[in-house]
Amino acid sequence: MGANAYWLMDKQDQGTVDMFFDRCNDFGLKVIRLWAFNRRMPYAWGKYDETEFQGLDYIVDSAGRHNIRLILALGNTWSAYRSPQDYMQMAGVDPTGKDLLDFYGSAEVRNFYRDHISAILWRTNTFNGRRYRDDAAIMMWDALNEPRCPGCVDAESQATQHAFLDEMTAHVKANTPHQMVALGTEGYFLNSYEGWNPGAGARCEGEDWAALMNMKSVDVSVVHAYERQMESVPPKWGKCDFACFCNYLIQYLSAHQRIAADSGKPLILEEYGLILPQYTMEQRVILFRLVADNLELMKRSGGPMAGAMFWNAAIGTVWDDGYNVYLDGPVEKPTPTAAPTSAPGTSAPAPTTRTSTSGPESSRAPIVANTETLTDFLRGPQRAACAEEAARWWLPIWTAGWAQTVDMEAYTERCTDMTVLKVFKDSKDVIYAS
């Protein structure tokens, strides 16, 4: 079991980092994923803010001391912290009028990004003296987070994207022979298995998962699965509700598990979660219990899925994008207290009721959802045109009656008195049993 905690990169408070890893150990969260880039990491070709780099140094060192393993993502296709446009500018390429396909295809960007990878991997930690490439605390590197190329469904565009990703994963592998390499893929299918996609437009993200995970330098296959990925489905083009998403998720994971098993590479559900307040805390508990059950099944059966990591583990009042699970929150769900008896002839006070759990605790940070959309640079128009065409013929497999395998009534009853933290506690002993 594990979690994402991208916000750690913003914390120069070492006590908070240590406290966070302590809480991770409490709940059996043995692998934590975060960024190995920041707002000024880099700020120019070969130049990195030393204060930010020392912050990452401490995270890596603290993780090792807490027996936590890390997955570090080396770059991002989204604008948070450092974007492809930033990399293009630092590589001397003006991104004006260009898009993500130009990023993948630029020789200057490739040279820059290889140097960026090398700068991170060969960094000597200022706290323990070990190079990152030699530090056992770092379990795996994501060469790029969510390497989409929207609208890139033709052979030439796919070849351009794949050449970039193949080159970067090979570069990571050559420099970190004792650490694993992955791509932070979401799991979309293109040209095969498309009936398992979450919608007609999923093929248009330009991520041919089956091909990417079979790249020679990729050691581990990765999936990110969220309710926000769901699109309307035929024949009535209705929106997929929570029960629909739960059934879809199990089928989506099963398809990836079968492909991973055939390839001989382990699978990690590297991101999943449920956003508040669009969904309720009760629904979030059901989802986390469902994923934990699937992971426990993999443990019992020797299946290919080796881990599941939610977005986003937090403590204190860190910024909340609606997905935060607070590891310093209550493990047990509050229960109603019995109303006190009243003396004869007096009115009884109103009974105490259970506090709503549809939102975060009142002392926590306000929810500010990530609203980034597909801009022209991210090839939004090309993606839209592709999706419109795909909707003419796409048919999902996972909506069939035989694929509705999740007993939502039973899960609702089972999770009535649970919290997400209780799910972790209950699953910890099962998953880590020898």
Side-chain angles (χ1 to χ4, degrees), residues 1-4 28-33 69-73 138-148 162 165-166 169 172-173 179-198 202 205 207-227 229 245-273 287-311 397-398 403 405-406 424 427 430-432:
M1 294 191 300
N4 290 265
L29 304 175
K30 294 184 177 293
V31 181
I32 299 299
R33 178 174 179 259
R69 297 294 174 260
L70 300 176
I71 298 174
L72 298 181
I138 301 174
M139 181 184 84
M140 189 170 84
W141 300 92
D142 278 346
L144 189 65
N145 177 57
E146 298 187 346
R148 299 183 182 187
H162 287 202
L165 297 175
D166 191 39
T169 53
V172 177
K173 193 65 180 173
Q179 296 163 331
M180 293 184 290
V181 180
L183 286 165
T185 46
E186 293 165 273
Y188 301 128
F189 294 117
L190 175 63
N191 299 324
S192 61
Y193 309 103
E194 289 191 33
W196 301 105
N197 275 335
E205 304 298 358
E207 181 193 281
D208 186 348
W209 185 82
L212 294 176
M213 61 89 67
N214 277 309
M215 286 183 172
K216 182 178 179 181
S217 298
V218 171
D219 300 306
V220 178
S221 56
V222 164
V223 171
H224 298 177
Y226 291 98
E227 88 297 331
Q229 297 165 332
F245 171 65
C246 288
N247 279 282
Y248 154 80
L249 178 63
I250 293 302
Q251 298 303 324
Y252 193 60
L253 290 178
S254 295
H256 290 81
Q257 288 160 3
R258 291 191 295 271
I259 298 167
D262 289 341
S263 75
K265 295 182 180 182
L267 174 70
I268 295 177
L269 176 56
E270 196 180 52
E271 291 186 24
Y272 75 96
L287 175 65
F288 277 62
R289 184 65 264 172
L290 184 66
V291 171
D293 285 349
N294 194 259
L295 190 58
E296 290 177 16
L297 173 63
M298 293 291 106
K299 167 79 174 183
R300 292 193 303 270
S301 64
M305 195 168 84
M309 308 175 67
F310 67 90
W311 184 285
I397 296 173
W398 51 268
T405 60
V406 179
F424 297 152
S427 296
V430 176
I431 291 172
Y432 298 122

Enquirer: Would you check if the distance from the ring center of F310 to the ring center of F424 is below 6.0 Å?
Expert: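 Centroid distance F310-F424: below 6.0 Å, so yes.
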
Enquirer: Rounded to the nearest 0.5 Å, how far does CE of M309 lie from CD1 of I268?
Expert: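 Spacing of CD1 (I268) from CE (M309) equals 7.0 Å.
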
Enquirer: Just by modelled atom types, is the A255 backbone N or O under 3.5 Å from a matching donor or acceptor in the Y193 side chain?
Expert: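 No, because the side chain of Y193 does not come within donor-acceptor range (under 3.5 Å) of the backbone of A255.
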
Enquirer: For Y188, does its backbone N or O pair with a side-chain atom of E207 as donor and acceptor, under 3.5 Å?
Expert: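 Yes.
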
Enquirer: Is there a side-chain contact between R33 and N145, using heavy atoms and a 4.5 Å cut-off?
Expert: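 Yes. Closest side-chain heavy atoms under 4.5 Å.
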
Enquirer: Are the side chains of I71 and D142 in contact, using a 4.5 Å heavy-atom criterion?
Expert: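 Side chain of D142 against side chain of I71, heavy atoms only: contact under 4.5 Å found.
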
Enquirer: Check whether any side-chain heavy atom of W398 sits under 4.5 Å from a side-chain heavy atom of Y252, and report yes or no.
Expert: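 Sidechains of Y252 and W398: no contact.
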
Enquirer: Can you list the steps and then say if E146 with E205 is a side chain to side chain contact (heavy atoms under 4.5 Å, CB included)?
Expert: CA-CA 10 Å; E146 298 187 346; E205 304 298 358; over 6 Å; no

Enquirer: Please find the pair of heavy atoms, one from C246 and one from V406, that lie closest to each other, and give the distance.
Expert: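 Taking every non-hydrogen atom into account, O-CG2, 3.9 Å.
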
Enquirer: Minimum heavy-atom separation for A3 and L29, please, with both atom names.
Expert: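 Closest heavy-atom pair between A3 and L29: CB-CD1, 4.5 Å.
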
Enquirer: How many angstroms lie between CG in L72 and CE in M140, if you round to the nearest 0.5 Å?
Expert: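 L72 CG to M140 CE: 10.0 Å, rounded to 0.5 Å.
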
Enquirer: Any side-chain to backbone donor/acceptor pair from Q251 onto A403? Under 3.5 Å, distance only.
Expert: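 A pair under 3.5 Å: yes.
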
Enquirer: Which heavy atom of G273 sits nearest to which heavy atom of E227, and what is that distance?
Expert: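 Between these two residues, the closest heavy atoms are O-OE1, 3.5 Å.
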
Enquirer: Do V218 and L212 make a side-chain contact, defined as non-hydrogen atoms from C-beta onward lying under 4.5 Å apart?
Expert: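 SC-SC contact between V218 and L212 ruled out.
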
Enquirer: Starting at OH of Y432, measure out to NZ of K30 and round the result to the nearest 0.5 Å.
Expert: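 Here the interatomic distance stands at 5.5 Å.
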
Enquirer: Find the distance between CG (L165) and CG (D208) and round it off to the nearest 0.5 Å.
Expert: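 Here the interatomic distance stands at 11.5 Å.
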
Enquirer: Side chain to side chain contact (heavy atoms under 4.5 Å, CB included), that's the test. Do K265 and D219 meet it? Break it down for me.
Expert: CA-CA 6 Å; K265 295 182 180 182; D219 300 306; over 6 Å; no

Enquirer: Do H162 and M215 have side chains that approach each other closer than 4.5 Å (heavy atoms only, starting at C-beta)?
Expert: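 Contact flag for H162/M215 side chains = yes.
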
Enquirer: Is any side-chain heavy atom of V430 closer than 4.5 Å to one of K299?
Expert: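 No; the side chains remain at least 4.5 Å from each other.
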
Enquirer: Does a salt bridge link R289 with D293, judged by any charged N lying under 4.0 Å from a carboxylate O?
Expert: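 Yes, R289 and D293 are salt-bridged.
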
Enquirer: For P266, does its backbone N or O pair with a side-chain atom of S221 as donor and acceptor, under 3.5 Å?
Expert: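 Checking the backbone N and O of P266 against the side chain of S221, a donor-acceptor pair under 3.5 Å is found.
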
Enquirer: Working to the nearest 0.5 Å, report the span between CD of Q229 and OH of Y272.
Expert: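 Output value for this atom pair is 14.5 Å.
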
Enquirer: What's the verdict on side chain to side chain contact (heavy atoms under 4.5 Å, CB included) for V220 and E270, showing C-alpha distance, side-chain angles and the deciding distance?
Expert: CA-CA 11 Å; V220 178; E270 196 180 52; over 6 Å; no

Enquirer: Assess whether side chain to side chain contact (heavy atoms under 4.5 Å, CB included) is satisfied between M139 and M180, documenting all intermediate values.
Expert: CA-CA 6 Å; M139 181 184 84; M180 293 184 290; 3.5 Å; yes

Enquirer: Would you mind telling me which of L249, L269, I250 makes a side chain to side chain contact (heavy atoms under 4.5 Å, CB included) with N294?
Expert: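 Answer after filtering L249, L269, I250: I250.
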
Enquirer: Measure the spacing between OG of S427 and CE of M1 and express it to the nearest 0.5 Å.
Expert: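 Between atom OG of S427 and atom CE of M1 there are 5.5 Å.
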
Enquirer: Could you pull out the closest heavy-atom pair between T169 and A143, with the gap in Å?
Expert: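 That would be CG2-CB, 3.8 Å.
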
Enquirer: Looking only at non-hydrogen atoms, find the nearest pair between V223 and G187 and report the distance.
Expert: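 Looks like CG2-CA, 4.4 Å.
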
Enquirer: How about H256 and W209: are their ring centres within less than 6.0 Å of each other?
Expert: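 Aromatic pair counts; centres sit under 6.0 Å.
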
Enquirer: Could you pull out the closest heavy-atom pair between Y226 and W311, with the gap in Å?
Expert: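 Smallest heavy-atom distance, with atoms named: OH-CB, 3.1 Å.
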
